[in-house]
Amino acid sequence: MIPVNEPLLAQRELEYVTECVRTGWVSSAGRFIEEFEEKWATYCGRRYGTAVSNGTVALQVAAACLGLKPGDEVIMPTFTIISCALAVVYSGGVPVLVDCDPRTWCMDVDQVKSKITERTRAIMPVHIYGHPVDMDPILDLAERHGLAIIEDAAEVHGAEYLSGRRTAHPAWRRCGSFGTLSCFSFYANKLITTGEGGMVLTDDSKLAEKTRSLRNLCFQAHRRFYHEELGFNFRLTNLQAALGLAQLERIEEIIARKRWIGQEYNCRLSGIPGLQLPMEEPWAHNVYWMYAIDLSEENGMDATAFGQKLKQRGIETRPFFLGLHEQPVFHQRGFFLQERYPITERIARQGLYLPSGLALTPEQISQVSEAVHEVLA
Ligand SMILES: Cc1ncc(COP(=O)(O)O)c(C=O)c1O
């Protein structure tokens, strides 16, 4: 079976993790945590980083930082992982949804404006499968309406966006540099992994302090076991940060490899009728986190049937997200009843991603591509 993903760990990871074991710094103190936070923040063009235990809780910390009141709304795409809505619901807020763009699968930025009400507090853009969201219109709306941005950059480590392309000074900026608070996951299938892990980035020193406090049970500096706020234990360990730091040292190599995998698949799969491949807008650098494809209904198959046929040929795949508005857990709580988002509903049934791990060989890419041709012939 060719797995849908496999992390590629190297000698430096082993050295750093061994140092933790040798020195006994295996918990949530130790040199690697701060170094990883500082270096990841700098890499993304931010001032402060707070490492946490995964990407889901990174979003939860970010939402908690905004101090949402019951009924406060956060606009997000329906085509995303459940973590985005959980963060808002746990904070007492209301997720408000928009559909996605049929080409990039990222949030349809034109729909955001019509969803802004007097209860809106934030917008949560989510970069999907390696391709950035069109951030300029979001930044513009956020500024005009005084809204915060929680940027979910879990799937786009190192991806870039051409900001200000309609101005005299356009500039490429890394994803994760746009949010009031920007969140990452370092789960094992991400470009950079810590096994399980996440981070919240910001340029605001007060928000940074708040993220650190929330992560660590809201202990106080002057009177440790005295608590004035509800906190969490969302700490990352030095062992995990050691892994992340070693990975970060070769991020350019990792991105180059992901882009190479994307281009190899593009060459082999382009021209198949009724198969939409990942794209790259002129204002975006895609890092092809996952090589995602969208199958037209004309092929007489949905993604489940297509995935089954690939599995029979020794190839593992994953279906696309099912939209947040179709999740029973939210219907039970009265959210999104009767709401319809046709693009998301279609791609949730017709989309899947192919093996995209860093350990993929050219032979495996050929094998996967031939199987796709065969199934769709
Ligand atoms: C867009 C997005 N946000 C958040 C997460 C949650 O990250 P984690 O699995 O580390 O909790 C993921 C996970 O894949 C994701 O794809």
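What's counted below: heavy atoms across the whole structure, side chains too, no hydrogens, waters or symmetry copies. Counting starts at 1 for both ligands and their atoms, in listed order. One is the number of the first residue; the rest follow in order along the sequence.
Distance alone, capped at 3.5 Å, places no donor-acceptor pair between the E160 side chain and the A284 backbone. The backbone N or O of H325 lies less than 3.5 Å from a partner atom in the side chain of H331, making a donor-acceptor pair.
A cation-pi arrangement is not found for R318 relative to Y353, the charged atom failing to lie both closer than 6.0 Å to the ring centre and inside a 45° cone about the ring normal. Judged by the 6.0 Å distance and 45° axis criteria, R333 is not positioned over the aromatic ring of F330.
The pair R349-E326 meets the salt-bridge criterion, with a side-chain N (NZ, NE, NH1 or NH2) lying under 4.0 Å from an Asp/Glu carboxylate O.
Given atom 5 (C) of ligand 1, the protein heavy atom at minimum distance is I81 CG2, 3.8 Å. When hydrogens are left out, the protein atom nearest atom 11 (O) of ligand 1 is T56 OG1, 2.6 Å; that is the closest non-hydrogen contact. Of all protein heavy atoms, the one closest to atom 3 (N) of ligand 1 is D152 OD2, 2.6 Å.
Counting the atoms of ligand 1 from 1 in the order shown, those under 4.0 Å from a heavy atom of V126 are 1 (C). Close approach of ligand 1 to S185 is summarised as follows: ligand atoms under 4.0 Å from at least one heavy atom of the residue are 7 (O), 8 (P), 10 (O).
For atom 16 (O) of ligand 1, the choice among E155, K190, E196 with the nearest heavy atom turns out to be E155.
With a 4.0 Å heavy-atom cut-off, ligand 1 is reached by the backbone of N54 and by its side chain too.
The shortest separation from a heavy atom of S83 to ligand 1 is under 4.0 Å, placing the residue in contact.
Side-chain contact annotation: S53 with R235, donor-acceptor N/O pair under 3.5 Å absent.
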